Amino acid sequence: MIEIKKLYKSFGDKTVLNNINAVFETGKTNLTIGRSGSGKTVLMKTMVGLETINSGQILFDGKDMVSMSKKERHLLRESIGMVFQNGALFDSMNVADNVRFPLRMFTNMTAGEMDKRVDFCLDRVNLGNVHTFTTSELSGGMRKRVAIARAIVTNPKYLFCDEPNSGLDPQTSILIDNLIKEITEEYNITTVVNTHDMNSVMGIGEHIIFIHQGNLWWEGTRNEITNTTNQELNDFMFNNELTKLLKASVLEKTVK
Amino acid sequence: MKIFSEIGSYLILLKNVFHLPENPRLYRKKVLFELRVLSLDSLPIIAVISIFVGAAIVIQLAANLSNPIYPRWITGFSSREGIMLEFAPTMINLVLAGKIGSHIASEIGTMRITEQIDALDVMGVNSASYLILPKIIACVLFSPVVIVVSIFLALTGGWLAGTLTGVISSYDFIDGLQLDYTNKSLIISLVKGLVYSFIISSIPAYRGYTVKGGALEVGRSSTKAVVESCITLIVANLIITNLLL
Ligand SMILES: Nc1ncnc2c1ncn2[C@@H]1O[C@H](COP(=O)(O)OP(=O)(O)OP(=O)(O)O)[C@@H](O)[C@H]1O
Ligand SMILES: [Mg+2]
């Protein structure tokens, strides 16, 4: 479980996160949604310690990441997997070596064991035959999937995904969403996913926080989201004909 | 004022760089890799420059010192001292500052802006040490080789050019090379090489590691890294020369 308490973050005099309080539960896929520039990426980066914060607490199973010693933080990070918005693959290595890297760094596995684990993770993201590709030979969606494979290869306790399916076709998106949900439940991971994809919200949103201009504007589940009276959330979620229809039909059903 | 805070953050980075590696085996592999990419691949340009500049130095000196009032060994002797004390350590490392420095700054800078360094940090890797230490070690380890190869080739080039053009006899040149030879010049040369190779690997690494922005900034920081390495090297040269001679 990750708890955020009274988190403030600003760049210079521009406040990006304003008093965020949230709880991300273990074994659940927690979504952070919000418009572009609302602060989702910054929130995720503060949670893993890549951005310093102005004040507040970030508790990983009760331990405050902010006040940890360097050593403790390194140890904690070995149990964190993160998928960056643009993949952040190591372009000096091929696909298999990218996925293998955390294993080589932090485990005493033999080469054979590592190969097995790498194969397993790449299969898991439906990339069976790209082991020897360089990162420049991958499509955008493949990069994302390799990044996911690399993030889960060490069986992390905490998984952070920054827009894991932006720029992917709807089918691949659903595949990735389901994959994240599955491994979250299977390994009892605390997962946080940034997204502004409606399908993801409705598909895997067990616990959702909505960030609006740096403030925590709404919190709930995917079932509650269709009934919300929150104006900004409505504008964000149901902004085109298709989603408006969707909402109308859902509401109709609940009335019946 | 800005320069002091820059030096401060450079030193803080160095403190993180010199840190016990998480996985020594991986580091050893990386050092070998960097030795190949940074060092071995620089040998051709070092060779070419050494031979040709050595040749030019000898021809120039022989022409300037052709007056019979000078002893005949003077050309060989001054070539040896000039090449050992200044050319091989200082000039060759200035050239390497351009080649290696821009390589290091742009490689690490690109990793920074594409969040590869963040990815390392999130995994719990000490990114500064993992990325920078093997490069510094490779450069410093290789610097004696650079110096010795460069001295040897420059003197050989000078000897060839001098004798083939007929400005100096082989006997006089070699006589001059051997005159009063002690290892002092060689040691000074090696010490300079160690210091300069550290300068031209660590400053660009710092510039790359701390870059902010996009591709444009990576280019800019790479240029900055080379300029700063060269200036630092020249100043260090003055200081060391004063101290050791
Ligand atoms: N390093 C930085 N320096 C200054 N401002 C920043 C920095 N990083 C982010 N910001 C600002 O913080 C705000 C939130 O950015 P963030 O990247 O978190 O948005 P986001 O919600 O992830 O958007 P998107 O959906 O487009 O990825 C933006 O206004 C951005 O300009
Ligand atoms: Mg973002």
Side-chain angles (χ1 to χ4, degrees), chain A residues 11 41-42 44-52 65 68 70-93 97-109 111 114 135-136 143 146-147 150-154 156-162, chain B residues 9 12-13 15-34 36-38 41 103-104 106-135 138 205 208-215 218:
Chain A
F11 292 104
T41 299
V42 172
M44 189 168 275
K45 285 192 172 171
T46 59
M47 287 172 72
V48 295
L50 285 176
E51 294 278 7
T52 56
M65 143 85 105
M68 269 182 192
K70 228 176 171 177
K71 215 175 183 176
E72 284 176 307
R73 189 178 296 195
H74 274 291
L75 277 178
L76 170 66
R77 280 175 167 175
E78 288 180 29
S79 61
I80 291 180
M82 178 155 176
V83 178
F84 286 77
Q85 193 161 354
N86 62 16
L89 300 178
F90 303 127
D91 44 33
S92 61
M93 304 176 192
D97 285 338
N98 260 284
V99 181
R100 193 179 290 119
F101 182 82
L103 297 177
R104 288 174 59 189
M105 202 71 190
F106 298 113
T107 70
N108 294 319
M109 285 186 178
M114 284 194 236
T135 55
S136 56
R143 291 180 69 88
V146 174
R150 185 178 69 183
I152 61 173
V153 73
T154 49
K157 277 172 72 181
Y158 312 96
L159 181 62
F160 296 87
C161 304
D162 197 356
Chain B
S9 40
I12 290 171
L13 178 66
K15 192 182 134 244
N16 288 332
V17 167
F18 290 99
H19 190 273
L20 269 188
E22 290 90 358
N23 185 337
R25 202 166 36 97
L26 222 56
Y27 274 61
R28 224 173 307 141
K29 267 202 182 135
K30 268 210 103 193
V31 170
L32 291 178
F33 175 80
E34 300 295 355
R36 202 181 72 230
V37 176
L38 294 179
D41 286 358
H103 178 108
I104 292 179
S106 54
E107 180 187 328
I108 297 183
T110 305
M111 290 189 74
R112 167 60 77 195
I113 63 160
T114 55
E115 297 183 313
Q116 294 177 50
I117 296 183
D118 289 342
L120 285 171
D121 285 333
V122 171
M123 285 175 194
V125 178
N126 178 346
S127 59
S129 163
Y130 175 74
L131 292 175
I132 300 174
L133 190 57
K135 292 190 193 324
Y209 194 82
T210 52
V211 84
K212 283 200 178 74
V218 172

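To find a chain, count down the sequence lines: A is the first, B the second, and so on, and within it residues start at 1. No hydrogens, no waters, no symmetry mates; every other heavy atom, side chains included, goes into these values. Everything quoted here is computed from the prediction, not taken from an experiment.
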Item to check | Positions in residues 124-131 of chain B that reach chain A, provided some heavy atom is under 4.5 Å away | outcome: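 Result: B/Gly124, B/Val125, B/Asn126, B/Tyr130.
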Item to check | Sorted by number, residues from residues 106-115 of chain B in contact with chain A (heavy atoms, under 4.5 Å) | outcome: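 The residues closer than 4.5 Å to chain A, in numerical order, are B/Met111, B/Thr114, B/Glu115.
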Checklist entry - Can you say whether A/Leu89 sits under 4.5 Å from chain B via the side chain, the backbone, both, or neither, judging by heavy atoms? => result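 Just the backbone, heavy atoms under 4.5 Å.
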Checklist entry - Considering only heavy atoms, which portion of A/Phe101 lies under 4.5 Å from any heavy atom of chain B: side chain, backbone, both, or neither? => result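 Side chain only.
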Using a 4.5 angstrom heavy-atom cutoff, name the option from [options] with the most pairs to chain B.
options	answer
A/Arg150, A/Arg73, A/Gln85	A/Arg150
A/Val48, A/Asn86, A/Thr154	A/Asn86
A/Met82, A/Met105, A/Lys45	A/Met105

Next on the checklist: With a 4.5 Å cut-off on side-chain heavy atoms, are B/Tyr209 and B/Val17 touching?
Outcome noted: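 Side chain of B/Val17 against side chain of B/Tyr209, heavy atoms only: no contact under 4.5 Å found.
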Item to check | Any A/Arg77 side-chain heavy atom under 4.5 Å of A/Phe106 side chain | outcome: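 Answer no - side chains too far apart.
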Between [X] and [Y], what is the shortest heavy-atom contact and its length?
X	Y	value
A/Asp91	B/Gln116	OD2-NE2, 3.0 Å
A/Leu103	A/Thr107	O-OG1, 2.6 Å
A/Gly81	A/Pro156	N-CB, 3.5 Å
A/Val153	A/Pro102	CG1-CG, 3.8 Å

Item to check | Reference residue B/Pro134; test side chain to side chain contact (heavy atoms under 4.5 Å, CB included); the match among B/Arg28, B/Glu34, B/Lys29 | outcome: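 The residue from B/Arg28, B/Glu34, B/Lys29 that satisfies side chain to side chain contact (heavy atoms under 4.5 Å, CB included) with B/Pro134 turns out to be B/Glu34.
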Item to check | Steps toward side chain to side chain contact (heavy atoms under 4.5 Å, CB included) verdict (B/Asp41, B/His103) | outcome: CA-CA 12 Å; B/Asp41 286 358; B/His103 178 108; over 6 Å; no
Next on the checklist: For chain A, which candidate among B/Asn23, B/Ile117, B/Asp118 shows the most heavy-atom pairs at distances under 4.5 Å?
Outcome noted: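 Maximum pair count with chain A is reached by B/Asp118.
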Next on the checklist: Working note: A/Asp97 + A/Phe90, criterion side chain to side chain contact (heavy atoms under 4.5 Å, CB included); need CA distance, chi angles, decisive distance, verdict.
Outcome noted: CA-CA 9 Å; A/Asp97 285 338; A/Phe90 303 127; over 6 Å; no
In Å, rounded to the nearest 0.5 Å, how long is the span from [atom1] of [X] to [atom2] of [Y]?
X	Y	atom1	atom2	result
A/Ser79	A/Leu159	OG	CG	11.5 Å
B/Met123	A/Ile80	CE	CD1	12.0 Å
A/Arg104	B/Arg25	CZ	CZ	7.5 Å

Checklist entry - What's the verdict on side chain to side chain contact (heavy atoms under 4.5 Å, CB included) for B/Val122 and A/Phe160, showing C-alpha distance, side-chain angles and the deciding distance? => result CA-CA 10 Å; B/Val122 171; A/Phe160 296 87; over 6 Å; no
Item to check | Contacting region of B/Tyr27 [heavy-atom separation from chain A under 4.5 Å] | outcome: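 Side chain of B/Tyr27 only, per the 4.5 Å heavy-atom cut-off to chain A.
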